[in-house]
Colleague: 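Just passing along the structure, written as structure tokens.
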Amino acid sequence: MRISVIMHADFETPGVIEAWAQTKRHALSIFKPYQAQALPTVEEFDFLIVMGGPQSPLALEEAPYLKDEIELIGRAIQAEKIVLGFCLGAQLIGEALGGKTEQSPEREIGIYPVSLTSEGLKDALFKDFPEIFNVIHWHNDMPGLTKDVQLLAFSEGCPRQAIRYGHRTYGFQFHMEITQQGIAELIKACPNDLRSGKFVQRPEILMNQTLEDIHQKMCLLLDRLTSKKALD
């Protein structure tokens, strides 16, 4: 399978997704529009992954290349490609479908649980997942909704954590792909995000948590997204 990954910052990499793709013998290509790299065409990939980043759809004028990404996401969905977005990526999927990004009720930085909704518990992607499980958070905003989407998960600090925008099109406000090194790079690159808050963990707490279970769940979700049978 041909996978195109769009990054938005050097410190937010695909993390464990790269190792998963290598193990599964998928061809993974990375694109960095924030470095003026051209985006792929829809014909170049089977699976589009849109990563997080410090940019916001609420300030498109500060990162005008996001408009091109929104258009690409819309074309990918129309072409029935697999599309997955994390954090900013989830917000861009919402924008492509007419859902406007909003500020989250709470800033969430750290390892905190999300809860599956009744729709989430029935969704094939989250089959056999516990109703409540830990993920990685690093955000201020949340994706927009449209009338046809299904809300699959929420947290105490943010009501929109996982959204099914369509068949094989999902947006996660949370992260499951970030490695321990990735957390260290985020701490170094975004120190202002770590100011005190209700759902903000201190760096020493962030760096001393195990991510193994989160990464295992990430790989399972990727297996299901790329399976011809799992979501049918």
Side-chain angles (χ1 to χ4, degrees), residues 3-18 21 28-40 45 47-74 76 83-97 99-104 106-111 135-144 157-158 160-163 165 169-195 197 199-200 203 206 211 214 218 222:
I3 303 173
S4 289
V5 176
I6 300 177
M7 285 176 52
H8 299 102
D10 288 346
F11 53 82
E12 286 208 40
T13 73
V16 298
I17 295 173
E18 287 193 82
L28 186 146
S29 301
I30 292 175
F31 299 85
K32 300 179 179 181
Y34 62 96
Q35 293 185 355
Q37 292 182 4
L39 292 171
F45 58 80
F47 184 2
L48 178 66
I49 300 176
V50 189
M51 303 304 302
Q55 304 88 337
S56 172
L58 297 175
L60 286 176
E61 67 282 357
E62 297 178 10
Y65 50 83
L66 294 180
K67 297 176 184 178
D68 295 330
E69 293 183 39
I70 291 168
E71 291 180 7
L72 174 64
I73 291 166
V83 182
L84 174 63
F86 296 95
C87 201
L88 170 60
Q91 296 157 20
L92 295 175
I93 292 173
E95 294 280 337
L97 295 171
K100 296 303 178 183
T101 303
E102 298 179 49
Q103 188 172 4
S104 175
E106 299 283 351
R107 178 167 41 97
E108 293 178 305
I109 311 287
I111 313 298
V135 294
I136 307 162
H137 301 266
W138 200 295
H139 73 98
N140 293 286
D141 298 330
M142 62 182 182
C158 179
R160 304 173 190 170
Q161 287 287 359
I163 300 166
Y165 283 101
T169 299
Y170 287 81
F172 297 160
Q173 183 54 55
F174 55 80
H175 297 271
M176 302 177 78
E177 80 289 357
I178 300 175
T179 62
Q180 205 76 42
Q181 179 61 33
I183 289 177
E185 291 176 4
L186 275 163
I187 290 170
K188 182 179 179 181
C190 306
N192 291 337
D193 289 349
L194 295 164
R195 64 189 186 278
F199 298 103
V200 178
L206 266 168
L211 304 178
I214 294 173
M218 177 78 268
L222 292 167

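All values reported here derive from a predicted model rather than from experimental measurement.
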Colleague: Return the CD to CG distance between E102 and N140, rounded to the nearest 0.5 Å.
Modeller: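 With rounding to 0.5 Å, CD (E102) is 14.5 Å from CG (N140).
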Colleague: Does the H175 side chain pair with the main chain of F86, one donor and one acceptor, at a distance under 3.5 Å?
Modeller: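 No.
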Colleague: For D68 and L72: C-alpha separation, side-chain torsions, deciding distance, then whether side chain to side chain contact (heavy atoms under 4.5 Å, CB included) applies.
Modeller: CA-CA 6 Å; D68 295 330; L72 174 64; over 6 Å; no
Colleague: Please list, chain by chain and in numerical order, all residues satisfying ring-ring contact (aromatic ring centres under 6.0 Å, His included) with F199, sequence neighbours excluded.
Modeller: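 For F199 the ring-ring contact (aromatic ring centres under 6.0 Å, His included) partners, ignoring immediate neighbours, are Y112.
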Colleague: Would you give the length of the straight line joining atom CD1 of I136 to atom CD1 of I109, rounded to the nearest 0.5 angstrom?
Modeller: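 One finds 12.0 Å between CD1 of I136 and CD1 of I109.
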Colleague: Going by heavy atoms in the side chains, are L211 and I111 under 4.5 Å from each other?
Modeller: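 Yes. Closest side-chain heavy atoms under 4.5 Å.
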Colleague: Is it the case that atom CD in Q37 sees more than 12 heavy atoms from other parts of the structure closer than 6.0 Å?
Modeller: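 Check passes, neighbour count above 12.
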Colleague: Roughly how far, to the nearest 0.5 Å, is the CG atom of D193 from the CG atom of L186?
Modeller: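 Here the rounded value is 8.5 Å.
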Colleague: Could you tell me which residues satisfy ring-ring contact (aromatic ring centres under 6.0 Å, His included) with Y170, sequence neighbours excluded, listed by chain and number?
Modeller: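 Here no residue qualifies.
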Colleague: Could you check whether the rings of F174 and F172 sit parallel, tilted or perpendicular, using 30° and 60° as the cut-offs?
Modeller: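 Rings of F174 and F172: parallel, as their planes differ by under 30°.
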Colleague: Using the side chain to side chain contact (heavy atoms under 4.5 Å, CB included) rule, take Q91 and Q173 through it: C-alpha gap first, then chi angles, then the decisive distance, then the call.
Modeller: CA-CA 8 Å; Q91 296 157 20; Q173 183 54 55; 3.1 Å; yes
Colleague: Kindly compute the distance separating NE2 (H137) from CD1 (I178), expressed to the nearest 0.5 Å.
Modeller: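 If I round to the nearest 0.5 Å, the distance is 10.5 Å.
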Colleague: Decide yes or no for K100 and P57: does some side-chain heavy atom of the first lie under 4.5 Å from some side-chain heavy atom of the second?
Modeller: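 No, side chains not in contact.
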Colleague: Answer yes or no: is there a side-chain heavy-atom contact under 4.5 Å between L206 and L194?
Modeller: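 Side chain of L206 against side chain of L194, heavy atoms only: contact under 4.5 Å found.
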Colleague: How about D141 and T101: does a side-chain donor come under 3.5 Å of a side-chain acceptor?
Modeller: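 No pair is found: no donor N or O on one side chain lies under 3.5 Å from an acceptor on the other.
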Colleague: Drop me the distance from L28's CG to I49's CD1, to the nearest 0.5 angstrom.
Modeller: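 So the gap between those two atoms works out to 6.5 Å.
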Colleague: Would M142 and E108 count as a side chain to side chain contact (heavy atoms under 4.5 Å, CB included) if you check the C-alpha gap in whole Å, the side-chain angles of each, and the deciding distance to 0.1 Å?
Modeller: CA-CA 11 Å; M142 62 182 182; E108 293 178 305; over 6 Å; no
Colleague: Are Q55 and Y65 close enough that some pair of their side-chain heavy atoms sits under 4.5 Å apart?
Modeller: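 Yes, at least one pair of side-chain atoms sits under 4.5 Å.
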Colleague: Determine, stepwise, if the pair E95 / I73 fulfils side chain to side chain contact (heavy atoms under 4.5 Å, CB included).
Modeller: CA-CA 9 Å; E95 294 280 337; I73 291 166; over 6 Å; no
Colleague: Would you find a donor on one side and an acceptor on the other, under 3.5 Å apart, between the side chain of H8 and the backbone of G52?
Modeller: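 Checked: pair present.
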